[in-house]
Amino acid sequence: MSELPPSTPIEVIAQVSRVVTKVVDRITGDRNEVPLMVAAAVVEALKNFEMGAQIQYGPAAWIEILEDQSPVWVGAWGQHFHFWVATDFGEIVDLNASVAHRRRSPDQALKPILSPPILWSAEVPSFYRYKPEGVAELELHDERDIQQFTQVIEEVRQKCTLDAIRGQEPEFPNEAMLCPGRRVLDDSNQNFRHFDRALSVKGLPPAPTL
């Protein structure tokens with residue numbers, strides 16, 4: 001039997017994803033508005049565990065489920081781009097696609113009700129698309145943004161440590177999540193189960209060209 005490729009330890013994934021999502025949501029009001037800050041916080045958190053990662057940018061798309069249970073592709077392509085993290089293990093880390101439905105497009109007739117799970121995996125399901133175009137860095141000029149990011153990084157560095165996870169059961173955010181080895185963790189509302197059921201019934205629509 002061939003060995004599985006190395007990946008970020010599940011305890012680290014749990015701690016980083018939970019701390020970053022909670023801290024950025026609390027300090028900024030909604031992490032959906034600051035994807036580059038979220039990615040930068042993940043990279044900073046992984047440094048505490050002596051793990052390397054980079055912020056990547058480029059076009060990206062993912063499936064959301066609308067009120068009528070129809071799946072649609074949304075995301076950033078054309079003149080727009082998205083931010084995510086690539087770890088040294090070849091994993092894509094995206095803590096923002098899962099909450100993108102909070103920002104409803106004004107020309108959408110139907111409201112999106114379900115997003116795909118948080119992604120932390122080298123294996124990317126067919127309901128995501130990523131096309132990396134380069135490495136990004138966070139440059140802040142607005143004083144409010146600088147203050148918020150400073151608070152985020154201070155708290156992330158404080159809580160994402162080996163001491164914080166040693167001997168503890170992994171505690172994930174209460175959001176659906178896809179982890180290495182195709183491990184799917186659902187949230188308390190079983191949102192991934194509902195998401196997957198809608199896809200099974202309706203099928204995957206043609207993907208956009210990124």
Side-chain angles (χ1 to χ4, degrees), residues 1-24 31 35-36 38-58 60-64 75 82-100 114-132 135-136 156-157 159-197 199-200 204 207 210:
M1 182 182 293
S2 61
E3 291 187 6
L4 291 173
S7 59
T8 305
I10 201 71
E11 297 85 359
V12 174
I13 292 175
Q15 187 74 0
V16 172
S17 61
R18 180 174 55 83
V19 170
V20 170
T21 54
K22 283 190 173 183
V23 168
V24 179
R31 71 180 190 269
L36 182 52
V38 171
V42 170
V43 171
E44 196 65 34
L46 288 174
K47 286 180 185 176
N48 268 12
F49 299 101
E50 298 183 355
M51 295 179 189
Q54 290 182 321
I55 306 171
Q56 292 194 325
Y57 72 89
W62 52 87
I63 288 286
E64 289 182 352
H82 184 55
F83 297 101
W84 63 91
V85 171
T87 72
D88 285 352
F89 297 116
E91 301 154 328
I92 287 180
V93 181
D94 189 346
L95 307 187
N96 272 55
S98 57
V99 292
L114 293 169
S115 290
I118 286 174
L119 178 64
W120 194 312
S121 176
E123 296 178 273
V124 180
S126 57
F127 46 78
Y128 295 101
R129 294 283 192 279
Y130 294 93
K131 185 180 178 182
V135 176
V156 164
R157 285 174 177 162
K159 294 181 176 178
C160 291
T161 64
L162 286 171
D163 285 341
I165 65 173
R166 189 176 287 116
Q168 303 295 317
E169 281 294 316
E171 183 183 350
F172 291 85
N174 185 24
E175 299 183 32
M177 187 164 183
L178 181 64
C179 298
R182 299 186 179 182
R183 179 178 178 182
V184 178
L185 305 172
D186 216 341
D187 61 8
S188 57
N189 294 320
Q190 296 189 309
N191 278 327
F192 180 73
R193 179 183 173 191
H194 300 312
F195 177 90
D196 190 51
R197 180 183 297 162
L199 273 186
S200 299
L204 203 66
L210 300 185

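Treat the numbers as computed from the prediction; the structure is a model and nothing was measured.
In this structure, a donor-acceptor pair under 3.5 Å is absent between the side chains of N48 and T161.
Applying the side chain to side chain donor-acceptor pair (under 3.5 Å) criterion to S126, with sequence neighbours excluded, gives no partner residue. Under the side-chain contact (heavy atoms from CB on, under 4.5 Å) criterion, K22 pairs with R18, not counting sequence neighbours. Taking the side chain to side chain donor-acceptor pair (under 3.5 Å) definition, one finds that R197 meets it with nothing, sequence neighbours left out. In terms of the salt bridge (charged side-chain N to carboxylate O under 4.0 Å, His left out) criterion, E91 has no residue partners (sequence neighbours excluded). For the side-chain contact (heavy atoms from CB on, under 4.5 Å) test, residues two or more places apart in sequence or in another chain that qualify with R182 are E123. Residues passing the ring pair (Phe, Tyr, Trp, His ring centres under 6.0 Å) test with W62, sequence neighbours excluded: H82. With sequence neighbours excluded, the residues forming a side-chain contact (heavy atoms from CB on, under 4.5 Å) with N189 are D187, N191, listed by chain and number. Remark: Y128 engages no residue in a side chain to side chain donor-acceptor pair (under 3.5 Å) (not counting sequence neighbours). Scored by the ring pair (Phe, Tyr, Trp, His ring centres under 6.0 Å) test, F83 finds F81 as partners (sequence neighbours excluded). A search for side chain to side chain donor-acceptor pair (under 3.5 Å) contacts involving D88 returns nothing, not counting sequence neighbours. A search for side-chain contact (heavy atoms from CB on, under 4.5 Å) contacts involving Q190 returns D186, R193, H194, not counting sequence neighbours.
The side chain to side chain contact (heavy atoms under 4.5 Å, CB included) test with V93 is passed by exactly one of L46, I55, V42: V42.
Note on ring orientation: taking the six-membered ring where Trp is involved, the planes of F195 and F127 are perpendicular (angle over 60°, cut-offs 30° and 60°).
Between E44 and K159 there is no salt bridge, since none of the side-chain N atoms of the basic residue sits less than 4.0 Å from a carboxylate O of the acidic one.
Checking side-chain atoms of N96 against main-chain N and O of V38 turns up no donor-acceptor pair under 3.5 Å. The backbone N or O of G58 sits nowhere less than 3.5 Å from a side-chain atom of K131 that would complete a donor-acceptor pair.
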